Amino acid sequence: MQFFIDTASLDEIKEAQDLGVLDGVTTNPSLMAKEGISGEQECMDHYKKICDIVDDKVSAEVIATDYDNMIKEGEKYAAIDDKIVVKIPIIKEGVKAIKYLTSKGIRVNTTLIFSAGQAIIAAKAGATYISPFIGRLDDISRDGVDLIAQIVNIYDNYDFETEVLAASIRHPMHIVQCAEVGADVCTCPLSSILALINHPLTDNGLAKFLADYNKTLEVESA
Ligand code: E4P
């Protein structure tokens, strides 16, 4: 399973990259706004800064919602760096844009996926990734992880190469559940990635090991 970090914060991206387990980054207009980034040029400069930190796969989401401007924006983002993956929402114009951009060799992450039907059409259009938002489904009392399992099963049936990128992750158990049902990628907040490391028995066990070690030093010096 690949790990992407779901943020536009350069500090968080650096922290995850330093951990040595990061495979990519996803952003969206809300995450960019949270960092105070506005306007096309500022966005492009910020994407470049992200690309300079990580090894590959930086999702940059288009703002346009019509085909012509989606592909124009997508091509502009793709020209920033080879690491860019253009993020396109699953709307009718978006499907055409996915088809066009992928035919030009530009990787596409299809966003705002909430149904298996949307996942099928994005794969047919040639998307590199689809992003089902599992937390937002859970928020309305649907089972987001079930959707991931359903899409993984459908893609397996037809050998679709599109990768299932579980998004809108709210907590570390979402990551474990997505791994169990075969998601290719999870994009997570830094807090969820770091929370995977923690276990109270690890903390207690380590404290005991260190205390026992220190006791031997006391005996030696007595
Ligand atoms: C990922 O690509 C999405 O931008 C993100 O995971 C959405 O998460 P949210 O539902 O927490 O906003």
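Remember, predicted model here, so these are calculated numbers, not experimental data. When a residue number appears, it is its place in the shown sequence, counting from 1. Both counts, for ligands and for their atoms, begin at 1 and track the order of listing. Because only heavy atoms are used, hydrogens play no part in the values below, and waters and symmetry mates are left out as well, while side chains stay in.
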Check: Any side-chain donor paired with an acceptor under 3.5 Å for Thr26 and Thr187?
Finding: yes
Margin query: My understanding is that a hydrophobic cluster links ILVMFWY residues whose side chain heavy atoms are under 4.5 Å apart, including indirect links. Using that, what else belongs to the cluster containing Ile63?
Written below: none
Notebook entry, point to check: Salt bridge between Lys83 and Asp55, side-chain N to carboxylate O under 4.0 Å?
Noted result: no
Note to self: Parallel, tilted or perpendicular: which one describes the rings of His171 and His174, with boundaries at 30° and 60°?
What the structure shows: parallel
Which N or O atoms of ligand 1 sit under 3.5 Å from a protein N or O, and how far apart is each pair?
unit_1, atom_1, unit_2, atom_2, d
ligand 1, 2 (O), Lys87, NZ, 2.6
ligand 1, 4 (O), Asn28, ND2, 2.6
ligand 1, 4 (O), Lys87, NZ, 3.2
ligand 1, 6 (O), Asp6, OD2, 2.6
ligand 1, 6 (O), Ser168, N, 2.7
ligand 1, 10 (O), Arg136, NE, 2.7
ligand 1, 10 (O), Ser168, OG, 2.7
ligand 1, 10 (O), Arg170, NH1, 3.3
ligand 1, 11 (O), Arg170, NH1, 2.8
ligand 1, 12 (O), Arg136, NH2, 2.8

Check: Is Lys14 paired with Asp18 through a side-chain N to carboxylate O contact shorter than 4.0 Å?
Finding: no
Check: Going by distance alone, is a donor N or O of one side chain under 3.5 Å from an acceptor N or O of the other, for Asn153 and Asp156?
Finding: no
